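Remember, predicted model here, so these are calculated numbers, not experimental data.
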Amino acid sequence: MSTVISGLADIADRYDAFLIDQFGVLRDGRGPYPGAAETLVRLKDQGKRVIILSNSGKRSAENDRRLVDLGFVAGSWDWFLTSGEVAWQILKTEGAQASGRLSKCLLISRDGDLSPLTGLGLERTENGADADFVLLAASEGDVLSLSHYEALLAPAARRGVPCLCTNPDKVMLTKTGTAFGAGRIAELYEELGGTVRWIGKPFADIYDFALDFLGHPDPSRVCAIGDSVEHDIAGAASAGLASVLVTTGILEHASDEERRKLFAEHGATPDFILPKFLW
């Protein structure tokens with residue numbers, strides 16, 4: 001049974017560190033939620049360690065800069081850790097071991113972003129027919145159709161080309177509402193017969209990176225905050241962490257019954273429910 005709280009002040013003393021989702025908790029596709037920046041500052045003022053943990057295919061530094069540009073206070077978090085950063089670090093390590101075998105990459109990103117490949121020494125291709133692997137970093141589902149991605153990816157899937165999905169979110173928040181995310185494109189790739197390695201919440205790699213950065217604290221003293229049951233709450237449960245479901249973001253209009261169905265579906269119930277990310 002989840003406990004409804006009115007603000008983070010109700011539970012802050014129970015935890016030493018917080019892993020906080022970005023989209024749906026701190027901001028949406030239009031900008032920051034009122035009070036979110038101030039709440040991050042309050043957490044840091046209380047001496048808490050704060051990692052912003054995001055299923056973003058972009059690397060950490062770029063997300064860090066963007067959050068400051070949106071008006072969040074630099075230094076009110078210790079690290080902005082993205083699934084894209086985790087994937088880049090993995091590719092940097094594994095790419096050296098597989099040099100020459102996975103050289104041509106079909107990159108699926110947003111707004112022409114090439115940062116997921118920067119520094120990896122890989123050749124980019126825009127054709128699924130000659131790709132050695134697919135790097136699925138983001139979706140443009142607000143402007144492109146799923147059939148567009150099917151046509152692009154089907155040749156690679158038929159050839160058994162491996163895919164690395166660095167953003168498991170199946171729904172994304174945009175300026176005009178919700179659209180299908182990169183995770184939905186990865187599902188499509190599997191439906192086409194391809195194989196996908198998933199990096200990001202709720203999968204273990206991103207939590208391993210976060211807890212390593214924190215110095216492997218007692219998991220009972222770490223709390224994850226997010227708006228997705230499938231990603232944030234289930235991921236926290238798998239990592240042995242406490243969790244808070246914020247009812248902004250993708251579940252803003254969900255009923256209590258709909259949320260309970262999601263808890264059952266994903267086998268994870270948040271410890272706390274918070275209407276908005278406020279102190």
Side-chain angles (χ1 to χ4, degrees), residues 1-56 63-64 66-78 80-82 169-179 181 201-202 222-237 241-263 266 268-279:
M1 176 70 76
S2 304
T3 301
V4 178
I5 57 176
S6 58
L8 286 182
D10 294 349
I11 62 168
D13 287 347
R14 304 186 188 194
Y15 305 106
D16 302 318
F18 290 84
L19 310 182
I20 302 172
D21 185 32
Q22 176 188 195
F23 274 101
V25 175
L26 301 178
R27 56 174 294 214
D28 61 13
R30 294 176 292 273
Y33 289 129
E38 292 82 357
T39 302
L40 279 180
V41 171
R42 290 294 295 270
L43 276 177
K44 286 302 295 177
D45 286 346
Q46 295 293 315
K48 307 301 179 182
R49 306 287 301 283
V50 174
I51 294 178
I52 299 175
L53 200 67
S54 174
N55 277 355
S56 166
N63 276 275
D64 201 274
R66 181 170 57 184
L67 210 59
V68 173
D69 289 344
L70 285 170
F72 288 85
V73 179
S76 60
W77 58 90
D78 296 284
F80 197 132
L81 177 60
T82 68
D169 289 355
K170 294 165 188 172
V171 178
M172 65 177 182
L173 299 173
T174 74
K175 292 180 179 179
T176 56
T178 59
K201 299 175 291 185
V222 181
C223 183
I225 303 174
D227 70 317
S228 167
V229 177
E230 179 179 3
H231 300 106
D232 301 297
I233 306 308
L241 312 178
S243 65
V244 176
L245 178 69
V246 178
T247 55
T248 47
I250 61 173
L251 296 182
E252 183 176 5
H253 302 295
S255 67
D256 290 343
E257 179 59 28
E258 288 170 329
R259 291 180 193 130
R260 283 193 291 269
K261 287 181 179 178
L262 286 171
F263 301 159
H266 298 291
T269 300
D271 296 280
F272 306 99
I273 294 178
L274 178 63
K276 296 179 181 179
F277 184 73
L278 295 172
W279 183 253

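Between I20 and I51 there is no side-chain heavy-atom pair separated by less than 4.5 Å. Q46 is listed as a side-chain neighbour of W279, based on a closest heavy-atom distance under 4.5 Å. Within the 4.5 Å cutoff, the side chain of L67 has heavy atoms near those of the R27 side chain. Residues L40 and F277 are in side-chain contact: their nearest non-hydrogen atoms beyond the backbone lie under 4.5 Å apart. At a threshold of 4.5 Å between non-hydrogen side-chain atoms, the residues F272 and I225 do not count as touching. Under the 4.5 Å side-chain criterion, counting only non-hydrogen atoms from C-beta, T248 is not in contact with D28. Here the side chains of D232 and L245 are not in contact, with every heavy-atom distance at 4.5 Å or above. The shortest side-chain heavy-atom distance between D169 and H231 falls under the 4.5 Å cut-off.
Partners of K44 under the salt bridge (Lys or Arg N to Asp or Glu O under 4.0 Å) rule, at least two apart in sequence or in another chain, are D78.
Under a 3.5 Å cut-off, the side chain of K201 and the backbone N or O of L53 do form a donor-acceptor pair. In terms of modelled atom types and a separation under 3.5 Å, the side chain of S2 and the main chain of P270 share a donor-acceptor contact.
Across all non-hydrogen atoms, the minimal contact from G249 to D227 is CA-OD2, 3.4 Å. Counting all heavy atoms, side chain and backbone alike, G24 lies closest to V246 at O-CG1, 4.4 Å. Counting all heavy atoms, side chain and backbone alike, I5 lies closest to P275 at O-CD, 3.3 Å. Considering all non-hydrogen atoms of both residues, V25 and D21 come closest at CB-O, 3.4 Å. Annotation for A236 and S243: closest pair CB-CB, 3.9 Å, computed over non-hydrogen atoms. Closest non-hydrogen pair, T178 versus T174, comes out as N-OG1, 4.4 Å.
The distance from atom CD of Q22 to atom CG of L173, rounded to the nearest 0.5 Å, is 10.5 Å. Taking OG1 from T176 and CZ from R30, the interatomic distance works out to 9.0 Å, rounded to the nearest 0.5 Å. In this structure, E252 CD and K276 NZ are separated by 8.5 Å, a value rounded to the nearest 0.5 Å. Distance check: Y15 OH to L241 CG gives 10.0 Å after rounding to the nearest 0.5 Å. Rounding to the nearest 0.5 Å places SG of C223 at 8.0 Å from CG of L8. For the atom pair E230 CD and L251 CG, the distance stands at 10.5 Å (nearest 0.5 Å).
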Step by step, work out the side-chain hydrogen bond (donor to acceptor under 3.5 Å, both in side chains) result for S56 and N63.
CA-CA 8 Å; S56 166; N63 276 275; 3.1 Å; yes
Would you sort out whether L262 and I233 count as a side-chain contact (heavy atoms from CB on, under 4.5 Å), showing the intermediate values?
CA-CA 10 Å; L262 286 171; I233 306 308; over 6 Å; no
Evaluate salt bridge (charged side-chain N to carboxylate O under 4.0 Å, His left out) for E258 paired with K261, printing each intermediate quantity in order.
CA-CA 5 Å; E258 288 170 329; K261 287 181 179 178; over 6 Å; no
If you apply the rule salt bridge (charged side-chain N to carboxylate O under 4.0 Å, His left out), what do you find for R259 with D256, and how did you get there?
CA-CA 5 Å; R259 291 180 193 130; D256 290 343; 3.1 Å; yes
